[in-house]
Amino acid sequence: MFRNDNEQPAGETLARQHRLLDRFLAGVEKRAYRMAVLATGNQDEAFDIVQDAMLKLVEKYGNKAEADLAPLFFCILQSRIHDWYRRSSVRNRLRSWLHSDDEDDDSDGLDQLPDPSARTPEELLAARGGMIALDAALAKLPLRQQQVFLLRAWEGLDVKQTAAVMQCAEGSVKTHYSRALATLRDKLGEHV
Amino acid sequence: MSDNRHEQPALAQDAVTERDTVLLAAVRQQLDHSCAALDGHTLSRLHSMRVAAVSRPHSRLSAWMMPFGGLVTACALVMAVNVGWNIRKAETGAPAAMEDMEILAGNEALDLYADYEFYQWLAQD
C-alpha cells in the first residue's frame, strides 16, 4: 500500500539477479572451461578453476550490472589460472629437486606440466585434425600469450579490457597477441 | 561484452593481414565447435556447478557499505576498551574516594587540611 510503484520487493529483485547470473554463466561456462583446459591441460583442474570463478563472482559481485559481469568473471578466472600455474611451478620445481639431485636443472618448470596435447587413441580418432592441431598449437603457447589470444580473438575483449583482465599494460597485451598470432600463423598455416 | 564476441574486435585494433583474418575466423570457428562438441558429462558437471554457485546466497553488503562495517567494528572496540578502563579505574580509585568522604564528613575545619603541609613543617621545627 505504501510502496512506490517503481519499487520491487526484495525477493523479486533477488530472483531477477539470480536469473541474470544464471544466464550470464550459462553463456560463458563452456568457453571458460575450454580456456582453463588449454591453460592447465587437465580437466579436473579446469573444473575446479571454473567453479571457483563462478562462486567468487556470485559471492562478491552478484549484484553488479550485466555489462560488468564479463570483465569481472574473466578477471577472476585469469587470477585462478595464474594461481594454479604458480602452485604447479613450485610443486614441479620441488619434485624435480627432490628426485634429481645430480642433474642440472635449468628448466623453468613448464616442461613438467602435463602435456595438453597428449590424447588417448579414441580421442585422436574422434577429434578432427584441425582441432587437434589448434589445441596443440594453443597449448604450446606461453600461458600469457595463450590467454591474451583467447580473450582477444575468441572472447572479443578489446585491448583495454584484456589489459584490465590480465592485470598488465595495454602494450603487453598487444605484444602477447601479436606473438601468439605469429606463432599460430606458422603452425596452423596448412590447417586453415 | 559477450554479445560482441563475433564482431571481431581483435581485427579492428590490430594490424592484421587478410590471411590473419581468415586464420582468426577459422580459429574462432574451431573453438566454438569444440564447445558445442563437449560431452554430456562435462556439460552436466558445468551445469551443476552453475546451479550451485547461483543458488548460493551472495554477500548482502554492497562494496560501499564495507567501510561502515569496519567503522562499526572500530567503534565497538574503542567502547569496549573505554568501559574496561573506567571499570578498572573505578576499582583502584575506591579507597581514595572513601578517604575524601571521611574528611568531608568530619567535624574538623577544611582549612586544616588545606594547610596540612605547613602544620607538618611547623611541628618538625
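Since this is a predicted model, take the numbers as computed values, not measurements. Below, chain A is the first sequence line, B the second, and so on; all start at residue 1.
- Here the straight-line distance linking atom CG of A:L138 with atom OG of B:S34 works out to 9.5 Å at 0.5 Å rounding.
- Heavy-atom minimum distance, B:L46 versus A:M54: O-CE, 4.2 Å.
- Proximity to chain B (any heavy atom under 4.5 Å) is shown, for A:A32, by neither the backbone nor the side chain.
- Using a 4.5 Å heavy-atom cutoff, the side chains of A:Y33 and B:T42 are in contact.
- Of all non-hydrogen atoms in B:L24 and A:A153, the two that sit nearest each other are CD2-CB, 3.8 Å.
- Atom CD of A:E29 is separated from atom CZ of B:R50 by 4.0 Å, given to the nearest 0.5 angstrom.
- Between B:Q29 atom CD and A:L134 atom CG the span is 11.5 Å, to the nearest 0.5 Å.
- Residue A:L150 touches chain B through its side chain alone, counting heavy-atom pairs closer than 4.5 Å.
- Cluster membership for A:L157 and A:L72, using ILVMFWY side-chain heavy atoms within less than 4.5 angstrom, is shared.
- The hydrophobic cluster containing A:I49 does not contain B:V51, counting ILVMFWY residues as joined when their side-chain heavy atoms lie under 4.5 angstrom apart, directly or transitively.
- The distance from atom CG of B:L23 to atom CG of A:L184, rounded to the nearest 0.5 Å, is 6.5 Å.
- Hydrophobic clustering, with ILVMFWY side chains joined whenever heavy atoms are under 4.5 angstrom apart, keeps A:L55 apart from A:L69.
- Here the CD-CG distance, from B:Q30 to A:D135, works out to 9.0 Å after rounding to the nearest 0.5 Å.
- Remark: A:Y61 pairs with no residue by the ring pair (Phe, Tyr, Trp, His ring centres under 6.0 Å) rule, at least two apart or across chains.
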Subject >> Steps toward salt bridge (Lys or Arg N to Asp or Glu O under 4.0 Å) verdict (A:K30, B:D32) >> reply: CA-CA 9 Å; A:K30 293 177 197 168; B:D32 283 342; over 6 Å; no
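- For chain B, the nearby parts of A:F47 are the backbone and the side chain; heavy atoms of each come within less than 4.5 Å.
- The number of heavy atoms from other shown groups lying within 6.0 Å of CZ (A:R179) does not exceed 12.
- Considering CD of A:E155 and CZ of B:R28, their distance stands at 11.5 Å, rounded to 0.5 Å.
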